Chemist: 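Next up is a structure, given as C-alpha cells.
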Amino acid sequence: LKVNHITKIISDMLKLTGTKFVPLVNVVFKKTGGNPFFVSQFLQTIYHQKLLYLKKTRNEDNSEELNWNWDIDKINKIQISQNIIDLMLKKISTLHKSSIKLLQIASCIGNTFTLEPISYISESSTEDLPGYLLESIEEGLISYNKDQYQFEHDKIQEAVHLLLSDEERNRIHYKLGNYFKEKFSIQNNLENEIFYVTNQLNHGIDYAKSESEKLELCNLNLLAARKAKNSSALDEAELYLKFCKKLLSGNFWEKNYKISLNVYYLLGEIALINGNHHSGEKYLNTILLNAKDNIDRVDSYVTLMDYYT
C-alpha cells in the first residue's frame with residue numbers, strides 16, 4: 001500500500017477528515033512498510049496500548065463529543081519488529097494444525113517456495129497441499145502467483161520459523177538440503193546453488209551421521225568456501241571451512257588426507273589475509289607437520305615465506 005491508500009484506510013476507519021491525522025498516516029506507513037496485514041495489525045496494537053484512543057471534547061455550544069486522539073511520540077518509539085512477530089505468532093496460532101505445519105516447512109525453504117519440496121518433507125500429495133495453504137492465503141500470510149507461493153513479509157516467515165523447536169527446524173533444513181542437492185545435481189545446477197544447498201545442510205549438520213554423509217557435506221562446504229573466497233567473501237568462506245573442520249573427525253589426516261590438506265590451507269590463507277597471523281601460521285604449520293611429501297608442503301611454505309617477507 002502507498003501513503004494515499006493508508007490515508008483512506010485510516011480516514012474510513014476512524015471517520016477522520018482534513019490533515020490533522022497526516023502524522024499518524026506517515027508513522028503507520030513507516031512502521032509497516034505499507035503491508036496491508038501489518039497496517040491492520042499495527043492499528044490494533046496502538047489501540048490496545050491506548051496510544052490511539054477516544055477522548056471527549058467540548059464544543060463551543062458546550063456539547064460533548066468523542067474524537068480520536070493519538071500519542072504520536074510514543075507510537076514512533078514502538079519497536080515494530082518484535083511487535084510484528086508477536087502479532088504474527090498470535091495470528092498463526094489460530095490456523096489449522098495442518099496449515100501451520102506446511103507454513104513451518106515453507107519457512108525453512110525461504111521467502112518464496114513451491115509445492116514440491118513441501119510435499120517431499122510432509123509426505124503429502126502436491127494435489128492436496130493447495131487446499132491446506134488456502135487458509136494462510138485468506139488470512140493474508142502468504143500469496144500465490146504462477147505456481148509459486150510467497151510470504152507476504154519476511155517477519156511472517158520469521159514468526160513461523162520461530163514456532164519450530166531447534167531439533168525440528170534443523171531436521172527439516174537437513175532434509176531440504178538433501179532434496180535440493182539431488183534436484184540441482186540432476187539439473188547440473190548444483191554449483192550455482194551451492195550456497196543455498198550447503199546452508200540448508202549446515203543447519204542440520206548433526207544429522208550427518210555416517211562417514212560418507214560427513215565427507216560429502218565436507219566437500220560441499222569446501223566448494224562453497226572456494227566460491228565465497230573467489231568473490232572476496234572471506235568471512236563466509238572461513239565459516240564454510242569451519243564446518244568442514246567440524247565434519248572431519250578422528251584421524252582425518254589419514255582417512256581424508258586430500259580434503260584436510262585443502263581445508264587447512266584455505267583456513268591458513270584466509271586467516272593471514274584477515275590479519276589473524278597466529279591462526280594462519282598454526283593452520284599452515286599443521287600442514288607442514290602432516291603433509292605426506294614436500295610437494296604437498298610447497299603452497300604452505302610459499303605462503304608463509306610471502307607472509308614473513
Side-chain angles (χ1 to χ4, degrees), residues 1-96 99-100 102-104 106-113 133-145 148-164 169:
L1 298 177
K2 296 182 179 178
V3 173
N4 61 309
H5 298 135
I6 296 175
T7 300
K8 186 169 189 336
I9 288 170
I10 294 177
S11 174
D12 291 345
M13 186 182 294
L14 306 181
K15 309 300 181 188
L16 297 172
T17 57
T19 59
K20 178 189 172 185
F21 66 104
V22 168
L24 177 62
V25 170
N26 290 336
V27 74
V28 169
F29 179 75
K30 182 179 75 173
K31 294 288 186 180
T32 64
N35 180 280
F37 182 77
F38 288 175
V39 169
S40 172
Q41 295 297 312
F42 186 68
L43 289 171
Q44 289 181 46
T45 297
I46 60 177
Y47 174 73
H48 290 308
Q49 292 185 8
K50 296 183 170 38
L51 301 179
L52 176 65
Y53 54 93
L54 283 167
K55 183 180 179 181
K56 283 184 180 180
T57 55
R58 191 173 296 278
N59 298 320
E60 291 181 3
D61 62 0
N62 215 30
S63 61
E64 290 183 341
E65 65 178 355
L66 290 171
N67 288 301
W68 285 103
N69 285 262
W70 46 88
D71 191 327
I72 200 70
D73 292 331
K74 288 184 178 178
I75 293 172
N76 258 313
K77 290 176 183 176
I78 288 178
Q79 296 298 312
I80 190 64
S81 295
Q82 189 55 50
N83 247 354
I84 288 298
I85 291 174
D86 291 341
L87 289 168
M88 292 303 100
L89 290 173
K90 288 179 183 177
K91 188 74 173 178
I92 293 160
S93 67
T94 66
L95 298 176
H96 190 277
S99 299
I100 296 174
L102 296 181
L103 284 181
Q104 288 173 328
S107 74
C108 295
I109 297 171
N111 186 254
T112 59
F113 56 94
L133 291 170
L134 183 60
E135 183 183 16
S136 300
I137 294 174
E138 291 172 345
E139 292 294 343
L141 299 171
I142 61 174
S143 58
Y144 174 76
N145 184 39
Q148 185 168 267
Y149 293 82
Q150 180 173 356
F151 284 99
E152 285 290 7
H153 196 280
D154 58 356
K155 291 298 178 187
I156 298 176
Q157 180 191 356
E158 184 180 344
V160 176
H161 206 237
L162 284 172
L163 291 173
L164 288 162
R169 185 184 303 120

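Keep in mind it's a predicted model, so treat the numbers as computed, not measured.
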Chemist: Give, for atom CG of Leu52 and atom CH2 of Trp68, the distance between the pair rounded to the nearest 0.5 Å.
Modeler: 5.0 Å

Chemist: Backbone N or O of Val28 within a donor-acceptor pair of the Thr32 side chain at under 3.5 Å?
Modeler: yes

Chemist: Taking side chain to side chain donor-acceptor pair (under 3.5 Å) as the definition, give me every residue that meets it alongside Asn76, ordered by chain and number, with sequence neighbours left out.
Modeler: Lys30

Chemist: When Lys155 is tested against each of His153, Glu158, Gln157 for side chain to side chain donor-acceptor pair (under 3.5 Å), which residue passes?
Modeler: Glu158

Chemist: Less than 4.5 Å apart, any side-chain heavy atom of Leu141 and any of Ile137?
Modeler: no

Chemist: How about Thr45 and Leu51: do any of their side-chain heavy atoms sit closer than 4.5 Å?
Modeler: no

Chemist: So, using side-chain contact (heavy atoms from CB on, under 4.5 Å) as the criterion, who are the partners of Ser40 when residues are at least two apart?
Modeler: Gln44

Chemist: With sequence neighbours left out, which residue pairs that include part of residues 11-23 fulfil the salt bridge (charged side-chain N to carboxylate O under 4.0 Å, His left out) condition?
Modeler: Lys8-Asp12

Chemist: What distance separates Ile6 CD1 from Phe42 CZ, expressed to the nearest 0.5 Å?
Modeler: 10.5 Å

Chemist: Please enumerate all residues that pass side-chain contact (heavy atoms from CB on, under 4.5 Å) together with Glu152, with sequence neighbours excluded.
Modeler: Asn35, Ser143, Ile156

Chemist: Before giving the answer on side-chain contact (heavy atoms from CB on, under 4.5 Å), spell out for Val160 and Phe151 the whole-Å C-alpha distance, their side-chain angles and the decisive distance to 0.1 Å.
Modeler: CA-CA 10 Å; Val160 176; Phe151 284 99; 4.2 Å; yes

Chemist: Say whether, by atom type as modelled, one donor and one acceptor occur between the side chain of Glu135 and the main chain of Ser99 under 3.5 angstrom.
Modeler: no

Chemist: Got a second to check how far Thr112's OG1 is from Asn145's CG, nearest 0.5 Å?
Modeler: 11.5 Å

Chemist: Can you find a heavy atom in the side chain of Arg169 that is under 4.5 Å from one in the side chain of His161?
Modeler: yes

Chemist: Can you name the side chain to side chain donor-acceptor pair (under 3.5 Å) partners of Glu139, sequence neighbours left out?
Modeler: Lys91

Chemist: Provide the closest heavy-atom pair for Tyr53 versus Asp71 in the form atom of the first, atom of the second, distance.
Modeler: CE2-N, 4.4 Å

Chemist: Identify, with sequence neighbours excluded, every residue that meets side-chain contact (heavy atoms from CB on, under 4.5 Å) alongside His5.
Modeler: Leu1, Lys2

Chemist: Can you list the steps and then say if Phe21 with Ile10 is a side-chain contact (heavy atoms from CB on, under 4.5 Å)?
Modeler: CA-CA 9 Å; Phe21 66 104; Ile10 294 177; 3.9 Å; yes

Chemist: Between Leu24 and Ile46, is there a side-chain heavy-atom distance shorter than 4.5 Å?
Modeler: yes

Chemist: When rounded to the nearest 0.5 angstrom, what is the spacing between CG in Leu14 and CD1 in Ile9?
Modeler: 11.0 Å

Chemist: Measure across Ser136 and Leu103 and return the closest heavy-atom pair with its distance rounded to 0.1 Å.
Modeler: OG-CD1, 3.3 Å

Chemist: Under the side chain to side chain donor-acceptor pair (under 3.5 Å) test, which residues partner Asn111, sequence neighbours left out?
Modeler: Gln150

Chemist: So how far is it from Ile92 CD1 to Gln104 CD, rounded to the nearest 0.5 Å?
Modeler: 9.0 Å

Chemist: Could you tell me which residues satisfy side-chain contact (heavy atoms from CB on, under 4.5 Å) with Glu65, sequence neighbours excluded, listed by chain and number?
Modeler: Thr57, Asn59, Asn67

Chemist: Using the side chain to side chain donor-acceptor pair (under 3.5 Å) criterion, which residues pair with Thr7? Sequence neighbours excluded.
Modeler: none

Chemist: Just jot down the ring pair (Phe, Tyr, Trp, His ring centres under 6.0 Å) partners of Tyr149, sequence neighbours excluded, or say none.
Modeler: Phe113, Tyr144

Chemist: Show the nearest heavy-atom pair for residues Ser107 and Leu164, with the distance to one decimal.
Modeler: OG-CD1, 4.3 Å

